[in-house]
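Worksheet: the structure to be examined is printed underneath.
Side chains are part of it too, since the values below use all heavy atoms of this structure and drop only hydrogens, waters and symmetry mates. Just so you know, these numbers come straight off a predicted model, no measurement behind them.
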Amino acid sequence: MQPEEVQPVQLLTPEGKLAENEVYSPFIAELGAEQLRELYRYMAMERRLDAEATSLQRQGQLALWAPALGQEAAQVGTIAAIKPSDMVFPTYREHAMALYRGISPEELLTMFRATRHTGWDPRKHNFHIYTLVLAAQTLHAAGWAMGINQDLRLGSLSRDRAEDEIVVACIGDGATSQGDAHESMVFAASYELPLLYFIQNNHWAISVPTRTQSRSPLVNRATGYGFEGVRVDGNDVLASYAVAAKLSAEIRAGAGPKLIESVTYRMGAHTTADDPTKYRSSEEEQLWKGRDPIARYQTWLRAAGHADEGFFAEVDAEYKDLAADMRRSVLAMESIDLERVFDTVYSEPHRQVETEKAWLKDYEAGFAEEQTEAGTAG
Amino acid sequence: MSAIKEMVMAKAITAALRDELAADEKTLLIGEDIGALGGVFRVTEGLQAEFGTHRVIDSPLAESGIVGTSIGMAMRGYRPVAEIQFDGFVFPAFNQITTQLAKMHNRTDGRVKVPVTIRLPYGGHIGSIEHHSESPEALFAHTAGLRIVAPSNPQDAYWMTRQAIVSDDPVIILEPKRRYWLKGKVDLENPAPDAFRAQVIREGTDATIATYGPLVPVALAAAEAARAEDRSIEVVDIRSISPLDDETIARSAAKTQRLIVAHEAPTFGGIGGEIAARVAERAHHRLLSPVLRVGGFHMPYPPSSQEHRYLPDIDRMLEAVDRSFSYQRSA
């Protein structure tokens with residue numbers, strides 16, 4: 001049986017021309033020139049950060065980097081369409097989304113420099129920490145959404161949080177094969193949770209193609225769970241925005257969970273630890289280069305008169321600075337103290353942790369004494 | 001009216017759940033069949049009728065989902081109490097428990113608390129089929145970030161459950177299912193001692209048996225039987241496996257100079273070995289014989305028609321006591 005082809009929603013062609021869509025175009029019409037430029041700004045910021053982080057890793061300054069090169073439109077369009085009060089549960093590749101939520105490049109890179117497990121406060125940004133165990137976060141998202149329903153029932157949603165809060169669960173095409181993704185969608189459907197699944201299908205789970213995860217477009221999975229899914233061109237920031245805006249509005253209105261399959265492409269490696277030339281063709285990479293999300297959006301912004309050369313030059317200059325600042329801050333990062341790691345294993349005192357912490361302190365103090373004695377003797 | 005009531009352990013846990021549900025509207029129960037059915041052991045019986053389907057949540061049949069969504073609810077300020085139906089079925093949730101629940105507070109540098117309680121009916125001697133009688137405590141105790149307790153009587157079951165729910169850390173309660181019908185007095189006003197401490201429950205002078213959960217009544221019976229041979233056995237109820245109260249256990253061992261540790265789980269790589277090592281470090285010079293272990297064998301839990309030979313009983317404990325006395329210090 002041939003998999004059924006589902007045409008992704010597209011509002012902007014690879015050539016940068018606007019395509020009318022009866023359902024989705026109206027959502028773009030509500031965006032002013034300033035907001036349209038803002039979308040570009042975050043896409044460009046992520047691309048600059050990505051290039052710089054990749055080079056920092058090559059120089060041995062980061063332990064690992066997971067590039068999001070090519071996925072800028074999918075991420076920026078989607079996060080721009082939801083509210084700041086909506087909790088996002090990311091994978092480890094949602095850099096553009098993180099930047100959009102005000103997480104600094106330095107905070108973002110902390111984990112990859114391995115000085116701390118995370119660099120930001122999830123509640124401050126309504127953006128959970130990165131999760132490396134695939135699909136685990138989709139269940140946390142479902143639980144968070146169950147909490148929203150509990151809050152609504154108790155009438156305890158606090159005043160500073162919108163009553164129509166939703167949750168976004170990010171997941172990649174590879175992770176859809178994980179059992180937790182399935183269980184999350186079952187819970188979401190059963191309890192009619194205000195949950196938006198955002199699958200970024202970037203075509204490759206390290207070296208394994210999407211067709212090994214699913215013989216039918218991933219969007220079709222939603223139907224099996226009993227909710228709606230929409231396939232969108234993830235390299236089209238306008239379509240990404242419009243689809244997320246429409247679905248999130250429906251979820252807020254009480255429609256239950258929805259799913260987006262954002263068809264995009266990871267232009268770089270899975271992480272700096274792999275080599276894509278070993279598992280995919282240069283023809284494929286060239287094909288997707290022709291669909292670059294930033295180039296196409298830039299063409300349209302310019303043609304539509306929403307941004308001029310001055311704007312693009314200003315963005316370039318700003319991110320040149322960002323790159324330099326980022327490099328400085330990465331090199332200056334201070335590691336968490338192991339004492340602090342002891343202190344956060346548990347919330348409340350735990351005998352074995354306390355004993356081991358005290359032992360380490362004594363042990364290391366012994367070396368300090370030796371050094372002092374050696375110093376005195378010398 | 002007296003606040004001391006006679007009840008079986010299962011109903012003591014029900015009472016604890018009811019009292020915490022009533023005390024805090026953020027406390028929720030979630031698990032398979034816990035609603036209308038009241039759980040396969042009827043521990044949650046009547047609670048859904050009393051508190052509603054939103055507080056006592058019948059979940060889809062998915063253990064990873066039960067624990068994973070509990071983590072999400074806990075992040076948002078709720079106190080979910082998740083029931084896993086049987087010990088052997090905790091493994092589909094093993095990933096969520098060990099890589100997520102145990103580590104979330106640490107990974108977020110202490111910013112996110114996940115006060116999830118996992119109720120795990122565990123252990124053998126109920127004559128069931130495979131996957132219904134296991135003792136996986138060592139696998140969880142080895143994972144930093146989790147607390148693990150095992151009550152052995154109704155009073156502890158009531159108070160340890162309440163203390164687990166109000167703890168800001170994730171707690172796994174190992175409920176010894178063969179003791180669900182064990183009767184005892186529960187003082188509903190005066191808490192049992194700290195859930196995370198061991199307790200000397202029978203004084204003795206000649207040897208100590210330290211154990212927890214289902215084997216505590218077995219140890220008490222063994223101590224009683226040893227009295228006939230003029231041996232005075234002290235019994236320590238370990239109660240908390242993580243944190244482990246090695247001080248109390250070592251103090252008793254130093255006093256009686258002989259220690260036997262018993263559990264249903266296989267001895268190889270088990271909690272007994274950890275206790276033996278810790279007591280040896282603390283009280284080696286006070287011991288007249290090595291710390292001995294009594295436990296399950298290095299095999300998957302056998303078909304229950306053979307569990308009477310697999311599980312430690314009074315005789316196996318007494319054999320270990322004899323062995324302990326047979327050691328002679330060489331000059």
## Note on the structure
In terms of heavy-atom contacts, A:L259 and A:L196 come closest through N-CD1, 4.4 Å
### Summary
Most contact-rich option vs chain B, by heavy-atom pairs under 4.5 angstrom, among A:V133, A:N149, A:T138, A:D343, is A:V133
### Message
I'd like to know if B:K113 pairs up with A:E348 as an ion pair, taking the criterion as any Lys NZ or Arg NE/NH1/NH2 lying under 4.0 Å from an Asp or Glu carboxylate oxygen.
### Response
no
#### Entry: Part of B:R107 lying under 4.5 Å from any heavy atom of chain A
both
### N-O pairing of A:E165 and B:R76 below 4.0 Å
yes
### Query
Which one of A:G143, A:P122, A:A142 has the most heavy-atom pairs closer than 4.5 Å to chain B?
A:G143
### Query
Given the options B:K103, B:R197, B:K26, B:E247, which has more heavy-atom pairs under 4.5 Å with chain A than any of the others?
B:R197
#### Entry: Side-chain donor/acceptor of A:N126 to backbone N/O of A:D86, under 3.5 Å
no
### Task
Sort and list the pairs that fulfil salt bridge (charged side-chain N to carboxylate O under 4.0 Å, His left out) and have at least one residue in residues 64-74 of chain B, not counting sequence neighbours.
none
### Task
Specify whether A:W120 and A:Y130 have parallel, tilted or perpendicular ring planes, treating 30° as the upper limit for parallel and 60° as the lower limit for perpendicular.
perpendicular
#### Entry: Residue among B:V114, B:L244, B:L28 with most heavy-atom pairs under 4.5 Å to chain A
B:L244
### Summary
Answer key: most heavy-atom pairs under 4.5 Å with chain B among A:R153, A:R116, A:H182 is A:R153
### Summary
Note: vs chain A, highest number of non-hydrogen pairs under 4.5 angstrom among B:P92, B:G110, B:S167, B:A74 is B:S167
### Query
For B:D245, is it the side chain, the backbone, both or neither that has a heavy atom under 4.5 Å from a heavy atom of chain A?
both
### Query
Salt bridge check: are B:R79 and B:D168 linked by an N-O gap of less than 4.0 Å?
yes
### Task
Test A:F112 against A:V330 for side chain to side chain contact (heavy atoms under 4.5 Å, CB included), laying out the working first.
CA-CA 10 Å; A:F112 294 97; A:V330 164; over 6 Å; no
### Message
Is any side-chain heavy atom of A:L99 closer than 4.5 Å to one of A:P105?
### Response
yes
### Task
On the 0 to 90° scale, with breaks at 30° and 60°, tag the A:W65-A:H95 ring pair as parallel, tilted or perpendicular.
parallel
### Query
Contact part of B:R278 toward chain A, heavy-atom cut-off under 4.5 Å: side chain, backbone, both or neither?
side chain
### Message
Determine whether a donor-acceptor pair (N or O, by modelled atom type, separation under 3.5 Å) exists between the side chain of B:R293 and the backbone of B:T267.
### Response
yes
### Query
Picking from B:S242, B:S70, B:P115, which has the most non-hydrogen pairs under 4.5 angstrom with chain A?
B:S242
### All pairs passing salt bridge (charged side-chain N to carboxylate O under 4.0 Å, His left out) where residues 171-189 of chain A contributes a residue, at least two apart
none
#### Entry: Beyond-backbone contact of B:I84 with B:V67, side-chain heavy atoms, under 4.5 angstrom
yes
### Summary
Taking a cut-off of under 4.5 angstrom between non-hydrogen atoms, the residues of residues 54-65 of chain B near chain A are B:H54, B:R55, B:I57, B:D58, B:S59, B:P60, B:A62, B:E63, B:S64, B:G65
### Query
If contact means a heavy atom pair closer than 4.5 Å, which residues of residues 351-358 of chain A contact chain B?
A:R351, A:Q352, A:E356
### Message
Could you tell me if the side chain of B:L146 sits less than 4.5 Å from the side chain of B:L101, heavy atoms only?
### Response
yes
### Message
Using side-chain heavy atoms (C-beta onward) and a distance below 4.5 Å, is A:F89 in contact with B:M75?
### Response
yes
### Message
Please identify, among B:T99, B:I66, B:D109, the residue contributing the most non-hydrogen atom pairs under 4.5 Å to chain A.
### Response
B:D109
### Message
For B:I249, is there any backbone N or O sitting under 3.5 Å from a side-chain donor or acceptor partner on B:S252?
### Response
no
### Message
Which atoms of B:I30 are under 4.5 Å from chain A, going by heavy atoms: the side chain, the backbone, both sets, or neither?
### Response
side chain
### Summary
Most heavy-atom pairs under 4.5 Å with chain A, out of B:R147, B:M104, B:M73, belong to B:R147
### Task
Please find out if less than 6.0 Å separates the ring center of B:F196 from that of A:H350.
no
### Message
Please rank A:Q137, A:M111, A:Q150 by heavy-atom pairs under 4.5 Å with chain B and give me the top one.
### Response
A:Q150
### Summary
Residue from A:P349, A:S184, A:A145 scoring the most non-hydrogen pairs under 4.5 Å with chain B is A:P349
